[in-house]
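This report refers to the structure that appears directly beneath it.
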Amino acid sequence: MPSGGGAGIVSTMTAELVDAGQQARISGLTLRVLGGEEISRPEALGLFDLEGTADIFDLMAGANRIRERFKGNKIHLCSIVNAKAGACSENCSFCAQSSFYQTDSPKYGFIDPEPVSQAAEEAHRNGVTAVGLVAAWRGLNEGPMLDEVCDRIRQLAAGGKTRPDASLGIIKSQRVADRLKEAGLECYGHNLESSRRFFPAVCTTHTYEERLQTISHLKKAGIKICSGGIIGMGETRQDRCDLAFALREAGANVVPVNILNPIKGTPFENNPPLAPLEILKTISCFRFILPRQEIMIAGGRTVNLRDLQSMIFTAGASALMVGNYLTTLNQPVEKDLQMLKDLGLDPNWDKHGFADQ
Ligand code: SF4
């Protein structure tokens, strides 16, 4: 099967169309991953290219077992605060906050201490493990802004209610990463967005290499890495597969999978949506490639998956972004917590527990 964009899955629920060979292959790969082995890129590509509904459900069952083996029934909940909004100098084609595009996104400078405390309080009330400060700018250098950012991180760390995380763009010097660590930062969000091949179709104002370099500085500083990407931007299944392998190589601890929510005014505003089963299959493939990482479903969940949202966990996800996203709305946290309860999943994740990753 070709590694196409993935729209239009043909239903093959009828017994005679189910390929018993595929079933055995999926089950064999599941056993190998459960036994601690890594799957190869060609094997993973075979999973991304599955088309039949029955095969995708077999794949999800395998991914669910792998999640249970390595993550138990714990679900890691994260939330974010838009710490500096809009007017970003970069041209990421999916983003409402880029200054290159006319969108309705809010614009404001770096936030005061008060909203940060409020976000931490609210997260704590809802049992959310981490609060990430997210800034819409190219990156962070040494200077007064770094001092201010470190103040907010110290504030979050001192509150002791949630894990202090941040996503502050490109970091070019080791000293900046070390300063963030000294301030108490535990985990830094920096997506690779897609494969190296597809990245220039997403952004041309900075490079994939700069993103990898940022991750390398942060790792050296002892900060955990939250890095994933966005699917549904026009990339192929091969690109998704390459992204998952790049994240494995980069040593990501948490892997956010965002699903494009096309924003009016951006170059991707008319991108066709991915079929929900294609999304669930992608999550499962990520679980096979990244068995021990937290796979977190983030932006675009409600709009793209609708009634199938709860199936992300049976597809292998072990973490969830809750509360509102940077520029779009999510479903209420109470609804997410109820969904976890109904599935027998436990959101009480140890906020410092990146144990076996
Ligand atoms: S994704 Fe980040 S770097 Fe890219 S335009 Fe949006 S805010 Fe700027």
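Atoms within each ligand, like the ligands themselves, are counted from 1 in listed order. Only heavy atoms go into these numbers, but all of them, side chains included; no hydrogens, no water, no symmetry mates.
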Geometric class of the Phe199/His206 ring pair [parallel <30°, tilted 30-60°, perpendicular >60°]: tilted
Heavy atoms from other residues, nucleotides or ligands near CZ of Arg69 exceed 12 (cutoff 6.0 Å): no
Within 6.0 angstrom of Asp342 CG, more than 12 heavy atoms from elsewhere: yes
Ser195 side chain to Asp242 side chain, donor-acceptor N/O pair below 3.5 angstrom: no
For Phe94, the ligand 1 atoms whose distance to one of its heavy atoms is below 4.0 Å: 1 (S)
Test item, Phe100 contacting ligand 1 (heavy atom, 4.0 angstrom): no
Working for side chain to side chain donor-acceptor pair (under 3.5 Å), residues Ser40 and Glu43: CA-CA 5 Å; Ser40 69; Glu43 286 168 335; 3.2 Å; yes
Residue among Arg240, Lys281, Arg237 satisfying salt bridge (charged side-chain N to carboxylate O under 4.0 Å, His left out) with Asp49: Arg237
Under 2.8 Å from atom 8 (Fe) of ligand 1 - protein N/O/S, by chain and number: Cys88 SG
Centroid separation His217 to Tyr188 less than 6.0 Å: no
Test item: protein heavy atom less than 4.0 Å from atom 8 (Fe) of ligand 1: yes
